[in-house]
Amino acid sequence: QVQLVESGGGLVQAGGSLRLSCAASGRTFSTYVMGWFRQAPGKEREFVAAIRWSTTYYADRVKGRFTISRDNAKNTVYLHMNSLKPEDTAVYYCAAGEGAVEVFRTTPRYWGQGTQVTVSS
């Protein structure tokens, strides 16, 4: 069982930056695919970014603005968000899984509770 706890959400103006953190339990953190999803009001949850070992993956709409990274010594994954736009407003969820990234992008095994990110125009 893996438990995930997100932090770092908040209110920011358009063009600003935020860093989300996700602390994970478990001894095999480094072997998991870790990532972030988001869900805006009235919309389906969508994939944002993932990291498997040191390889990163991004949704097209955040590529070049967001950076995912991990610190295996701290069992923590980060999402650095720059040049934020009002359309980035959503609840951001940390997720963890095993196996192929293609599977993780649709059905991660573990979810955090989510953290709200609001970008004002």
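Computation of the quantities below employed the complete heavy-atom set of this structure, encompassing side-chain atoms and omitting hydrogens, waters and symmetry-equivalent molecules. Count residues from 1 along the sequence.
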Handout entry: Val91: side-chain contact (heavy atoms from CB on, under 4.5 Å) partners, not counting sequence neighbours
Key = Tyr93, Gln116
Exercise for the section: Please indicate whether Glu87 has more than 12 foreign heavy atoms, meaning atoms of other residues, nucleotides or ligands, lying under 6.0 Å from its CD. Expected result: yes
Exercise for the section: Among residues two or more places apart or on two chains, list those pairs meeting disulfide (SG to SG under 2.5 Å) that have a residue in residues 21-94. Expected result: Cys22-Cys94
Completion exercise
For Tyr92, the side chain to side chain donor-acceptor pair (under 3.5 Å) test, sequence neighbours excluded, returns Arg38
Problem - Residue list, salt bridge (charged side-chain N to carboxylate O under 4.0 Å, His left out) with Arg109, at least two apart or on another chain - result: Glu98
Practice task
Verify side-chain contact (heavy atoms from CB on, under 4.5 Å) between Val117 and Thr89, making sure each step is shown before the conclusion.
Solution key: CA-CA 5 Å; Val117 171; Thr89 295; 6.0 Å; no
Handout entry: Cluster link Val119 to Met81, ILVMFWY, side chain under 4.5 Å
Key = yes
Handout entry: Val77 reachable from Val101 in the ILVMFWY side-chain graph, under 4.5 Å edges
Key = no
Practice task
Check Phe37, Tyr32, Tyr57, Trp36 against Phe104 for a ring pair (Phe, Tyr, Trp, His ring centres under 6.0 Å) and give me the one that passes.
Solution key: Phe37
Exercise for the section: In plain terms, say whether Lys85 and Asp88 are close enough for a salt bridge, that is, a side-chain N and a carboxylate O under 4.0 Å apart. Expected result: no
Practice task
Rounded to the nearest 0.5 Å, what's the gap from OG1 on Thr76 to CG on Leu20? Could you check?
Solution key: 12.5 Å
Problem - Side chain Glu6, main chain Ser21, donor-acceptor under 3.5 Å - result: no
Handout entry: Hydrophobic cluster identity match, Ile68 and Val33, side-chain contacts under 4.5 Å
Key = no
Practice task
Determine yes or no for a side-chain-to-main-chain donor-acceptor pair under 3.5 angstrom, with Thr31 supplying the side chain and Phe29 the backbone.
Solution key: no
Handout entry: NZ/NE/NH1/NH2 to OD/OE distance under 4.0 Å, Arg61 and Glu46
Key = yes
Exercise for the section: Tell me, please, which residues at least two apart from Ser69 pass side-chain contact (heavy atoms from CB on, under 4.5 Å). Expected result: Tyr78, His80
Problem - Partners meeting side-chain contact (heavy atoms from CB on, under 4.5 Å) with Val5 (sequence neighbours left out) - result: none
Exercise for the section: Measure the CZ-NZ distance between Arg65 and Lys63 for me, rounded to the nearest 0.5 Å. Expected result: 12.5 Å
Practice task
Take Leu79 and Val48 through the side-chain contact (heavy atoms from CB on, under 4.5 Å) test and state the conclusion after the steps.
Solution key: CA-CA 10 Å; Leu79 185 67; Val48 174; 4.2 Å; yes
Handout entry: Ser30 side chain vs Asn72 backbone, donor-acceptor pair below 3.5 Å
Key = no
Fill in the blank from the handout: Note: Ser121 and Ala14 closest approach over all heavy atoms is CA-CB, 4.3 Å
Practice task
Rounded to the nearest 0.5 Å, what's the gap from CE on Met34 to CG on Asn75? Could you check?
Solution key: 8.5 Å
Problem - Pi-cation contact, Trp111 with Arg45 (under 6.0 Å, within 45°) - result: yes
Exercise for the section: Find out whether Tyr58 and Thr56 are in side-chain contact, i.e. whether some heavy atom of one side chain is under 4.5 Å from a heavy atom of the other. Expected result: yes
Practice task
Return yes if a side-chain donor-acceptor contact under 3.5 Å exists between Asn82 and Ser17, otherwise no.
Solution key: yes
